[in-house]
Amino acid sequence: MAQPTFSTHVGMVDILPDEVRKWHKLEQIIHQEAKKFHFEEIRTPIMEQTELIARGVGEGTDIVSKEMFAFERGEDQYVLRPECTAPVARAFVEHHLEQRGGTQNLYYIGPMFRAEKPQKGRQRQFHQFGAEIIGADDPAADVDIIAFMMAIYDRVGISNTTLKINSVGEPESRKEYIEALKDYFRPHLDKLSSISQKRFENNPLRILDSKEEEDQSFIEDAPVITDFLTEETAEHYQRVKELLTELDISFEEDPHLVRGLDYYTRTAFELISPDLGSQDALGGGGRYDLLIEEIGGQHTPAVGFAAGMERLFIACQELDINLVEEEMLDVYIVTLGEEARKWGLEHLPKLRAAGLSASMDYIGRSIKSQMKDADRENARHVIIVGGNELAEGKFTLRNMKASEEDSYTFDKILDKLTTDIN
Ligand code: AMP
């Protein structure tokens, strides 16, 4: 085969027809669970102003400092969105969604873009589903967000996960903590990985996120943020844990859990799967009480999560979870001769109008290859139409699974097939 002239960019993949059905199924599960939890979908553009992401996600983060697909056009600076919380927060402020009253419970599904080094579970264009509760500072909102996320994995059948939680405090307590962390790491700086040495300068919290072997023993003994929380935040965290226990959602406290985005305050969480290899996070989230103010809105507490769809599919594969049943075609019309073809073209819309999925040959293939085609398309039934059938007004209906056939009028066939699907 000749080498194709064009290909996708590295880290970006086509989702081909054979795979797309599992995406539909997952999307369907997300929409259904969202309905149960009373979340409304929001769709924002895939491009945002660079400044929104820089301010929202944080200049010191990996995402903003090195992973943005950003470009200029005239005066405007665009970025392909690397995540969707800042865009949703922007939409909330821009459209005064608070005027709709109550909390805004929003969810989204869509592609995100980060110029990371591609590997298993890490792409440059990937997909997330996620949700936000905007306008509530009660711990019940944190727990509802977590419950919504977990419900989706439950429905899919991924259950051997670990929910890790932590409280990352507010700016004041975090500032104090970061100082303590720096004091702790400073004497060991030359023994830390080069990535962590860099992070020591721009974002010391992220040292705790390091996967580098040489950092692990230092991380283990590092001070924990939970020792620095204000009384109010400590109480909030305590209440989140109590509510999770009441809802039977098991969790592990991880006092070193920090997230790669700067906007988090108080509750932070991550859902980990042992089936994912080194990129083991299925999803994560937390509270971001200051983000909306940071991007120009009123002070509005909020909490959300985002989860990777490709990683969910990797976990499914490892666990042998098949998200889709085999796609069946209800009926395929096999025709012999020009008249029969005409009949087929006239009757195809009638089958479809009755709610059946129906197809036929368009390119004048032999009966044998039409039967093969029907097989390939997983047809449950085949209607065979030739000169005799047209003369008699009765057509052969073949049940492909049972390998049985009989002759009926078209009306009778329609009747039989529609009873079958109902
Ligand atoms: P984050 O927005 O970084 O908290 O990521 C939330 C989730 O999105 C992660 O837990 C992953 O499941 C998924 N994710 C993040 N970055 C990528 C990527 N580059 N490729 C695939 N999935 C990703």
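For the numbers below, each heavy atom of this structure counts, side chains included, while hydrogens, waters and symmetry mates do not. In listed order, ligands and their atoms are each counted from 1. Since the structure is predicted, the reported quantities are computational estimates derived from the model, not experimental observations.
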Phe129 vs Tyr153 aromatic rings, parallel, tilted or perpendicular, using cut-offs 30° and 60°?
-> tilted

Using the test side chain to side chain donor-acceptor pair (under 3.5 Å), find all partners of Asp254 that sit at least two apart in sequence or belong to another chain.
->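 So Asp254 forms no side chain to side chain donor-acceptor pair (under 3.5 Å) with any residue.
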
With heavy atoms of [X] as the reference, note each atom of ligand 1 found under 4.0 Å away.
X      : value
Gln123 : 18 (C), 19 (N), 20 (N), 21 (C)
Gly283 : 10 (O)
Arg114 : 1 (P), 2 (O), 3 (O), 15 (C), 16 (N)

Is atom CZ of Arg365 surrounded by more than 12 heavy atoms (other residues, nucleotides or ligands) closer than 6.0 Å?
->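 Atom CZ in Arg365 is crowded, with more than 12 foreign heavy atoms closer than 6.0 Å.
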
Thr103 vs Asn105, side-chain hydrogen bond (donor to acceptor under 3.5 Å, both in side chains): CA-CA, chis, key distance, verdict = CA-CA 6 Å; Thr103 63; Asn105 293 18; 2.9 Å; yes

Glu33 and Arg155 ion-paired at < 4.0 Å | yes

Any N or O on [X] sitting closer than 3.5 Å to an N or O of ligand 1?
X      : value
Gly308 : yes
Ala306 : no
Glu310 : no

Establish, from distance only, whether the side-chain atoms of Gln49 and Asp76 form a donor-acceptor pair under 3.5 Å.
-> no

If we ignore angles and hydrogens, is there a donor and acceptor under 3.5 Å between the side chains of Thr233 and Glu170?
->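 Yes.
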
Leu282 and ligand 1 - part of the residue with a heavy-atom distance under 4.0 Å |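 Backbone only.
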
Going by the 4.0 angstrom heavy-atom rule, the piece of Glu270 near ligand 1 is neither

State if Glu116 counts as touching ligand 1 under the rule of any non-hydrogen atom under 4.0 Å.
->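 Within the 4.0 Å threshold, so yes.
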
